[in-house]
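Index from 1, following the sequence.
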Amino acid sequence: MSKIIFICVILLLSISAGISAEEIIPPEKKEFSSAEMLGALSLLEGFIAINSVFAAYYPMPYGIMGTVISPFTFNDSGVSSLEIKVAAWSMYLGLCAYNIAVPLHQDMDEKELFWNNFAGWHLIMLGTGIVSLLTHKPKEKKPSADYQGKAQIH
């Protein structure tokens, strides 16, 4: 029981931070240095590894708590596109269902569960990126007046 409480506390602390990407990175900044990109990638991989370790050692509590708190995390994720939220949420629920069901039916060691969850998180990121690219809406062209006073679309 203490293991489940520990995982619940860790998961709740991870979603209670309430920091969005807009607060960390100014919206006008479009170019990133190599060091910034490497730091962001290292941080992301670290979070994926930590989640995978939790899921490897406590798969069922991790899957249950992930399922319970997922509506709150994805609703407040800072992503404005409903398609991206639904895609990420459904893929994450699939990973949670995997953690609940598979260890019950198969004898798997922690190492195998870790690598399966690690790959699952990367598939979630890949799937979310693909949905983001496919649902990208181009900016609308705004009319502007040229030197003769006629409206012209750029």
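- Asn99 and Asn117 are linked by a side-chain donor-acceptor pair at a separation below 3.5 angstrom, with hydrogens and angles left out of the test.
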task = Would you sort out whether Asn116 and Met108 count as a side-chain contact (heavy atoms from CB on, under 4.5 Å), showing the intermediate values?
result = CA-CA 10 Å; Asn116 289 346; Met108 301 175 85; 3.1 Å; yes

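- When all heavy atoms of Met91 and Thr128 are compared, the pair lying nearest together is CE-N, 3.5 Å.
- Closest heavy-atom contact between Gly120 and Leu95: CA-CD1, 4.1 Å.
- A chain of hydrophobic side-chain contacts below 4.5 Å, direct or via other Ile, Leu, Val, Met, Phe, Trp or Tyr residues, connects Trp121 to Ile50.
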request  = Could you go through the ring-ring contact (aromatic ring centres under 6.0 Å, His included) check for Phe54 and Tyr58 one step at a time?
outcome  = CA-CA 6 Å; Phe54 282 141; Tyr58 313 109; 7.3 Å; no

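- Here the shortest heavy-atom pairing between Ile100 and Met60 reads O-CE, 3.7 Å.
- Contact record, Val131 with Glu83: CG1-O, 3.9 Å, taken as the closest heavy-atom pair.
- Under the 30°/60° scheme for interplanar angles, the aromatic rings of Phe118 and Phe114 are found to lie parallel.
- Following chains of ILVMFWY side-chain contacts shorter than 4.5 Å, one can reach Tyr92 starting from Leu44, so the two form part of one hydrophobic cluster.
- Separation of atoms CG (Leu43) and CD1 (Ile48) is listed at 10.0 Å; rounding is to 0.5 Å.
- Under the 4.5 Å side-chain heavy-atom criterion for grouping Ile, Leu, Val, Met, Phe, Trp and Tyr, Leu126 is not connected to Leu41 through any hydrophobic cluster.
- Distance check, rounded to the nearest 0.5 Å: NE2 of His122 to OG of Ser52 gives 8.0 Å.
- Taking hydrophobic clusters as Ile, Leu, Val, Met, Phe, Trp and Tyr residues chained together by side-chain heavy-atom distances below 4.5 Å, Tyr62 shares a cluster with Trp115.
- In this structure, the separation between CD1 on Ile130 and CG on Leu123 is 9.5 Å, given to the nearest 0.5 Å.
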